[in-house]
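Computed from a predicted model, the values in this text were never measured in an experiment. Every chain is numbered from 1 and lettered A, B, ... according to where its sequence line falls, protein lines coming before strand lines.
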Protein chains: 2
Amino acid sequence: MRRSAPTLTDVARLAGVSEITVSRVVRNKGSIAETTRVRVQEAIVKLGYVPNRAAGALASAGAPLIGVLLPSLSNIVFPEVLRGIHTALASTGYQPLIGVTDYDPVKEQELLSSLLAWQPAAIITTGFEHTDATRRMLADSRVRVAELMDIDAEPIDIAVGLSQRRAGFDAGRHLIGRGYRRFGYVGHDWNADHRARLRYEGVRAALAEADLGLTAEERFDGPSSTMAGRKTLAALLSWEPDLDVVVFSNDDMAVGGFFHCLGANISVGRELGLFGFNGLDIGQVLPLPLSTIRSHRFDIGRIAVEKLLESSRRPEEKLIVDTGYEIIAGATA
Amino acid sequence: MRRSAPTLTDVARLAGVSEITVSRVVRNKGSIAETTRVRVQEAIVKLGYVPNRAAGALASAGAPLIGVLLPSLSNIVFPEVLRGIHTALASTGYQPLIGVTDYDPVKEQELLSSLLAWQPAAIITTGFEHTDATRRMLADSRVRVAELMDIDAEPIDIAVGLSQRRAGFDAGRHLIGRGYRRFGYVGHDWNADHRARLRYEGVRAALAEADLGLTAEERFDGPSSTMAGRKTLAALLSWEPDLDVVVFSNDDMAVGGFFHCLGANISVGRELGLFGFNGLDIGQVLPLPLSTIRSHRFDIGRIAVEKLLESSRRPEEKLIVDTGYEIIAGATA
DNA sequence: AGAATAAATGGTAGCGCTGTCATAAAGCGT
DNA sequence: ACGCTTTATGACAGCGCTACCATTTATTCT
């Protein structure tokens with residue numbers, strides 16, 4: 001039971017070299033003779049030395065951390081983005097420092113401020129909706145910044161995602177092409193989820209282009225969930241039973257709609273089409289695979305990290321990476 | 001565009017006090033006259049001062065961080081635990097530093113070592129399966145440690161969760177009580193998911209007690225998923241169609257099984273019982289709510305944090321918090 | 001060979017903050 | 001009014017590391 005953890009100095013003494021040499025070996029930086037490296041590494045193992053990152057961060061004015069701000073962990077989409085981030089980070093020595101904003105820009109701002117206090121190498125956040133103070137902090141600090149999921153606005157530094165609006169538009173077109181005319185929409189609280197709103201607007205635009213409109217729509221006042229989708233579709237159909245197809249704000253909602261139809265004996269696909277968004281596994285395992293749009297959440301996280309770490313300084317040009325999407329024809333619409 | 005971020009010294013100068021006074025105001029520690037506090041706070045706002053946590057961590061030999069090691073983010077259970085952790089942490093000034101182990105004790109060990117390099121206040125990890133080196137590191141460092149999900153072994157410091165084995169046992173008893181006799185089991189790779197194995201053993205113990213056994217069982221070679229559940233149940237039934245009830249390793253798998261039955265026109269609940277584990281939302285939104293066991297994932301995360309932060313030093317007594325579970329009768333078994 | 005370059009190592013000065021100890025001022029009971 | 005406690009503030013060292021420069025020795029080139 002030693003009195004305190006060994007430091008660089010201890011290792012240096014044991015290996016008979018200077019502290020800075022040990023530091024170089026640990027960080028694998030600068031040129032070191034092979035024999036020295038081995039000797040130092042042995043000393044490190046012998047002492048069980050673990051570098052103190054706080055000291056390193058202080059001395060070098062920067063920590064091997066990536067701040068990650070996610071709106072929610074309840075929506076499976078964001079854990080998947082996080083998984084992509086993690087995967088890309090795994091081999092780099094950087095670690096993610098997570099904050100959850102609950103879709104609240106003010107919370108985002110507070111979390112950002114406490115993330116920046118660590119002097120991270122980069123910040124990953126979601127969407128383009130930030131407070132002025134958030135924008136200012138991000139501008140003042142020189143960290144790299146990635147804004148994920150949407151690409152329909154000018155990013156601060158990097159944007160990685162897909163055009164939410166265009167995805168909605170293409171969904172609308174696709175369904176019109178399949179012969180649907182009487183459209184319903186089932187959504188959730190879009191003050192929180194701005195991207196769901198963009199997709200909605202895309203759908204409407206496609207309908208307008210074909211001289212159509214939404215026959216009926218209903219929005220659940222709360223976050224999206226399977227239960228919300230189920231209940232809200234039931235409500236929508238109760239006052240407007242005569243619909244061809246219902247577009248949902250996402251797959252969770254659509255799967256709930258599917259369950260409603262099962263219970264209410266509505267033949268999905270023949271009587272009523274259902275269309276989601278995201279391409280979640282759960283939708284594709286239903287007895288009828290859900291018609292939806294696949295977004296590449298995992299890749300969004302992964303690519304964001306890769307791009308961020310390419311350079312430690314913001315390039316002149318803002319970068320927008322379109323990860324695209326595909327319509328999954330499925331069997332429900 | 002100032003040359004560098006303002007420091008304590010800048011704030012102190014502007015407010016006309018010493019650095020330590022500013023530090024005290026920032027940390028809300030020690031006694032400060034109200035007028036001074038206000039003056040300092042004004043200076044902080046004026047300069048947009050953000051404390052440098054690396055410096056703080058170095059000076060005080062400890063960071064306001066909680067290291068969190070999760071086996072996976074793909075399994076919705078762990079994002080929910082993380083949500084609980086986050087919720088409890090929200091008001092405390094601590095932040096979670098996340099690592100994902102992919103159910104690999106060696107990866108856990110590596111991640112632990114890089115988490116400890118930050119001198120976090122506590123470490124949260126999962127289960128009791130650790131490498132010797134992991135145990136040693138945890139023992140040598142004096143951080144608080146919580147091991148989540150299971151409570152059937154001696155924890156290093158704190159364990160929060162439920163008896164996985166007992167949950168399996170009770171599930172078995174419950175089903176026997178409902179009159180089932182010909183049991184099937186559908187599982188996934190339990191080298192990775194040790195807890196699924198414990199539940200399985202619990203079920204077998206209950207069956208043995210009633211002089212019963214598993215009529216058939218099949219394990220999917222990979223992580224649990226809805227698709228795996230669907231396929232594996234199909235496989236199981238193809239060579240042993242004559243079962244009363246199938247116990248699944250968890251709800252994901254069971255929901256997949258439910259979908260198989262829908263497609264194969266098997267009347268769930270009458271012809272064949274299905275039983276899961278976890279009590280996920282998705283199971284409860286099915287046309288027939290899934291019979292399963294509710295685990296309190298969110299609470300496990302939340303309580304772990306609350307207990308960890310009660311004291312910064314490990315108490316004499318190891319603490320085991322049983323968050324319990326409830327059988328959800330449901331309609332599928 | 002001599003000059004120029006590269007490789008290998010070290011000395012030193014902080015990075016920005018907090019712990020520790022010291023001190024001054026204010027309240028307080030008798 | 002006197003000692004005694006409480007409240008409010010400051011001086012200063014140092015946490016463990018890395019950036020920056022300097023130095024020494026080996027290598028290469030003309």
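Distance, B:Leu8 CG to D:dA11 P: 14 Å, rounded to whole Å. If you measure from atom CG of A:Leu47 to atom P of D:dG16, you get 14 Å, rounded to the nearest angstrom. Separating the CG atom of B:Asn52 from the P atom of C:dG16 is a distance of 7 Å, rounded to the nearest angstrom. Between B:Leu58 atom CG and C:dT18 atom C1' the separation is 10 Å, expressed in whole Å. Atom OH in B:Tyr49 sits roughly 10 Å away from atom P in C:dG16 (whole-Å rounding).
Within the 4.5 Å cutoff, side-chain heavy atoms of A:Leu82 are placed close to those of A:Ile98. Between A:Thr126 and A:Tyr103, every side-chain heavy-atom pair lies at or beyond the 4.5 Å cut-off. Contact of the B:Glu108 side chain with the B:His130 side chain is registered, since non-hydrogen atoms from C-beta on lie closer than 4.5 Å. Counting only heavy atoms from C-beta outward, the side chains of A:Arg314 and A:Arg142 never approach each other to under 4.5 Å. With a 4.5 Å cut-off on side-chain heavy atoms, A:Arg37 and A:Arg24 do not count as touching. Side-chain contact between A:Leu138 and A:Arg135 is absent, with no heavy-atom pair separated by less than 4.5 Å.
Between B:Ser18 and the phosphate of D:dT9, there is no side-chain N or O to OP1/OP2 separation shorter than 4.0 Å.
With sequence neighbours excluded, the residues forming a side-chain contact (heavy atoms from CB on, under 4.5 Å) with B:Glu154 are B:Lys318, listed by chain and number. For A:Arg302, the side-chain contact (heavy atoms from CB on, under 4.5 Å) partners at least two apart in sequence or on another chain are A:Ala88, A:Phe298, A:Asp299, A:Glu306. Looking at residues two or more places apart in sequence or on another chain, you find no side-chain hydrogen bond (donor to acceptor under 3.5 Å, both in side chains) involving B:Asp104. Scored by the side-chain contact (heavy atoms from CB on, under 4.5 Å) test, B:Glu129 finds B:His194 as partners (sequence neighbours excluded). The side-chain contact (heavy atoms from CB on, under 4.5 Å) test applied to B:Ser312 returns no partner, not counting sequence neighbours. Under the side-chain hydrogen bond (donor to acceptor under 3.5 Å, both in side chains) criterion, B:Arg53 pairs with no residue at all, not counting sequence neighbours.
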Distance-only criterion, 3.5 Å: show the donor-acceptor pairs between side-chain atoms of residues 60-72 of chain A and protein atoms not counting sequence neighbours.
unit_1, atom_1, unit_2, atom_2, d
A:Ser60, OG, A:Gly56, O, 2.8
A:Ser60, OG, A:Gly62, O, 3.3
A:Ser72, OG, A:Ser74, N, 2.9
A:Ser72, OG, A:Asn75, N, 3.2

Just the table, please: protein N/O against nucleotides 12-14 of chain C N/O, every pair under 3.5 Å.
none

Identify each atom pair where a protein N or O and an N or O of nucleotides 21-29 of chain C are less than 3.5 Å apart, giving names and distance.
none

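For the side chain to side chain contact (heavy atoms under 4.5 Å, CB included) with B:Val40, the qualifying choice from B:Leu14, B:Val25, B:Val45 is B:Val25, the only one to do so.
Scanning residues 27-45 of chain B for heavy-atom distances under 4.0 Å to DNA chain C yields B:Arg27, B:Lys29. Taking a 4.0 Å limit (strictly below) on heavy-atom distances, residues 109-120 of chain B does not reach DNA chain D anywhere.
No side-chain donor-acceptor contact under 3.5 Å links A:Thr125 to the backbone of A:Glu147.
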5' to 3', nucleotides 23-28 of chain D under a 4.0 Å protein heavy-atom cut-off (B base, S sugar-phosphate only, - none) gives ------
